[in-house]
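Taking it in order: structure first as structure tokens, then the write-up.
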Amino acid sequence: MSLRVYNTMSGKKEEFQPLVPGKVGMYVCGVTVYDYCHIGHARANIVFDIIFRYLQFAGYETTYVRNYTDVDDKIINRANERGIDSKELAEEFIRAFDEDMAALGLVKPTHEPRATEYIEQIIAISQKLIDKGMAYESAGDVYYRVDKFDGYLKLSKRNLEEMQAGARITPGEQKENPMDFALWKAAKPGEPNWKSPWGAGRPGWHIECSAMSSSLLGDSFDIHGGGRDLIFPHHENEIAQSEGASGKPFVKYWLHNGFVNVNQEKMSKSLGNFFTIRDILKTYDPEVVRFFILTSHYRSPIDFSDQNLIEAQAGLSRFYEALLAADQAVEGVAEADASSEEGAKLEEKFREAMDDDFNTALAIAHLFEGVRTMNRLVATKKFRKKADLVAQVRDLRVTILKLGEVLGIYHSDPASWLEKVKLAGLARLDISREEIEELIAQRKQARAEKDFTRSDEIRDLLAARGIELLDSPAGTTWKLK
RNA sequence: GGCCCCGUCGCCAAGUGGUAAGGCAGAGGUCUGCAAAACCUUUAUCACCAGUUCGAAUCUGGUCGGGGCCUCCA
């Protein structure tokens, strides 16, 4: 089966056929760099990170462009509040963004252009639109004439007349139509500015994406992505600009990820339920965050809550525990020439799920089944003497790791990961490692003397404080309950 | 008001015409001095009503409930 994607433009899943067979051009709207990224940014970027990885895994030579919008009203305002240069502010948050994305384990896009590096192209597109009568200059600003573009609002499926009725005009703007939007804004004193045919000014919001995408991917390309909230006005306006200027179809497939809610409420600054990526990573492992995001479909809304994150951690632990057990089970067993179909079967299911509009939730469900199969094999009596079973476990283990890589998970050493999560959890309990070790030693003594009453007392005592003891032939270890 | 989305087992969550994936939690069992992990077994007819169809969670209409966009936002 081949890849199918849900296209916001048609409202349907469509067969994915890139403009050039075997190659994909993908542009995803990045961030406006004036503040730290929140969990919503994390989701959007992780979703498209997985799409990028999967396209490559599926054999497409993929060019992925994700921009930084580093000139904008919000940046200027924030810089003024802090009394620093807006360029300095942008640099600071570009660095912060890079750190956050690296912490979340994202791969680097092919290109990460900045709006300010494309001023020339922005001016060129604006000029072209003016020449074609689709834009006009007004007191040093340049506006797009929305009623000159037939397809306006075709992506968001709105009605221009109705929107005009409700539209507001910002004081100082001289627009022909309240729905017209700025391509270029005349600079006010103290604002960053560039020379243009219309005087000193700076780009409006939207135009930078048209400039960067056409420069790096051409006038027409395959995939354009972003959060749902960008459909209107941002993406609608990009279409108007790009198609208005080039006269060619802009984007073949529009992909939009769903929102993140926090404890069932929309995340917003006014509600005060805003979580930055760096805050979350103080409590949760980055892989847990990624795993949580991938256990829902990218278009569905997800609810960010402690309970959901804790469940994600439990799910991911199941993988790492199985991988660790498999490692230990096959360690030192000689390679035999037994063959295995298990890995290929799993990969087939994984591909089928991902081919259906990147259904990561279903793909992960298949991986869980792989884990169960692997655990069952390892638990077989005299497992190490059965070459075919050993081969199957090795095959499954390698396949799970390989497919996990497509999702950006399971890349840690299982023992280290489990230990790290355990110690992080211990820090939240009122008990020290030393105290636990001491009680384990006492219990060992009691068990040696067959004093099982005392032994169980210690077990219960620790259990009451959140610690579970695990007895094995190699000794007693512990974990968090 | 306009446009759009959602309502699946206690919780999370797949599934867009052929008799409901997966995870967590629960129950029983195997294993264990006890326990844990693991494994096995087990738990839903899909908000409601009416239609279309040989057949619907999946299509149509309606009802109820929840949410989003329409202003900056991933």
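Residue numbers start from 1 in every chain, and the chains themselves are labelled A, B, ... in the order their sequence lines are given, proteins ahead of strands.
Using a 4.0 Å heavy-atom distance criterion, A/R43 is classed as making no nucleic acid contact. If you check every strand for non-hydrogen atoms under 4.0 Å, A/A365 touches a base. The residue A/K479 sits close only to the backbone: its heavy atoms come under 4.0 Å of sugar-phosphate atoms, none of a base. In this structure, A/L469 reaches the bases: a heavy-atom distance under 4.0 Å links it to at least one base atom across the strands shown. Across all strands, A/R443 comes closer than 4.0 Å to base atoms (heavy-atom distances).
Between the C1' atoms of B/C6 and B/C12, the separation comes to 16 Å (whole Å). Going from the C1' atom of B/G62 to that of B/A14 covers 28 Å, rounded to whole Å. Taking the P atom of each, B/G7 and B/C46 are spaced 13 Å apart, rounded to whole Å. For the C1' atom pair drawn from B/A25 and B/U43, the interatomic distance equals 12 Å after rounding to whole Å. Spacing of C1' atoms, B/U53 relative to B/C40, comes out at 41 Å, to the nearest Å. Using atom P as the reference point in both B/U52 and B/U41, the two lie 41 Å apart (nearest Å). Comparing the same atom, P, in B/A44 and in B/A20 gives a spacing of 11 Å after rounding to whole Å. Rounded to whole Å, the C1' atom of B/G67 lies 23 Å from the corresponding atom of B/C49.
Contact annotation: A/R318 reaches the phosphate of B/A38 (side-chain N/O to OP1 or OP2, under 4.0 Å). Taking side-chain N and O atoms only, A/R372 has a distance below 4.0 Å to OP1 or OP2 of B/G23. Here A/K266 reaches the OP1 or OP2 of B/C69: one of its side-chain N or O atoms lies under 4.0 Å away.
As rounded to whole Å, 12 Å separates atom P of B/A36 from atom CG of A/D456. Atoms CG (A/L462) and C1' (B/A36) sit 14 Å apart, rounded to a whole Å. The distance from atom CG of A/N237 to atom P of B/C70 is 13 Å, rounded to the nearest whole Å. Between A/L346 atom CG and B/A21 atom C1' there is a gap of 14 Å when expressed in whole angstrom units.
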Any chance you could list the contact pattern along nucleotides 6-15 of chain B? Use B for base contacts, S for sugar-phosphate-only contacts and - for none, protein heavy atoms under 4.0 Å, 5' to 3'. -----BSSSS
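Taking the ring axis of A/F259 as reference, the NZ or CZ atom of A/K266 stays within 45° of it and closer than 6.0 Å to the ring centre.
Between A/R299 and A/G315, the residue whose closest nucleotide on RNA chain B is further toward the 5' end is A/R299. Both A/R447 and A/S156 sit near RNA chain B, but only A/S156 has its closest nucleotide nearer the 5' end.
To the nearest 0.5 Å, atom CG of residue A/L407 and atom CD of residue A/E405 are 9.5 Å apart.
Stacking is not found between A/F368 and the pyrimidine-like six-membered ring of the B/G22 base under the 5.5 Å centre-distance and 30° plane-angle cut-offs.
Not a single donor-acceptor pair under 3.5 Å links the side chain of A/R78 to the backbone N or O of A/S86.
Taking the six-membered ring wherever Trp is involved, the centroid distance between the rings of A/Y253 and A/H224 does not fall below 6.0 Å.
Between A/R202 and the choices A/D141, A/D70, A/D73, the salt bridge (Lys or Arg N to Asp or Glu O under 4.0 Å) rule is met once, by A/D73.
Between the side chains of A/D471 and A/T476, at least one donor N or O lies within less than 3.5 Å of an accepting N or O. Between A/Q442 and A/R454, the side chains place a donor N or O and an acceptor N or O closer than 3.5 Å (distance only, hydrogens not considered).
Ring orientation note: the planes of A/F52 and A/Y64 are tilted relative to one another, at an angle of 30° to 60°.
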Would you give me the side-chain donor-acceptor pairs under 3.5 Å for residues 315-326 of chain A, sequence neighbours excluded?
from: A/S317; atom 1: OG; to: A/Q313; atom 2: O; distance (Å): 2.8
from: A/Y320; atom 1: OH; to: A/E287; atom 2: OE1; distance (Å): 2.8
from: A/Y320; atom 1: OH; to: A/E287; atom 2: OE2; distance (Å): 3.0
from: A/Y320; atom 1: OH; to: A/H411; atom 2: N; distance (Å): 3.3
from: A/Y320; atom 1: OH; to: A/S412; atom 2: N; distance (Å): 3.1

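Residue-to-nucleotide contacts include no donor-acceptor pair under 3.5 Å from the side chain of A/N159 to the base of B/C3.
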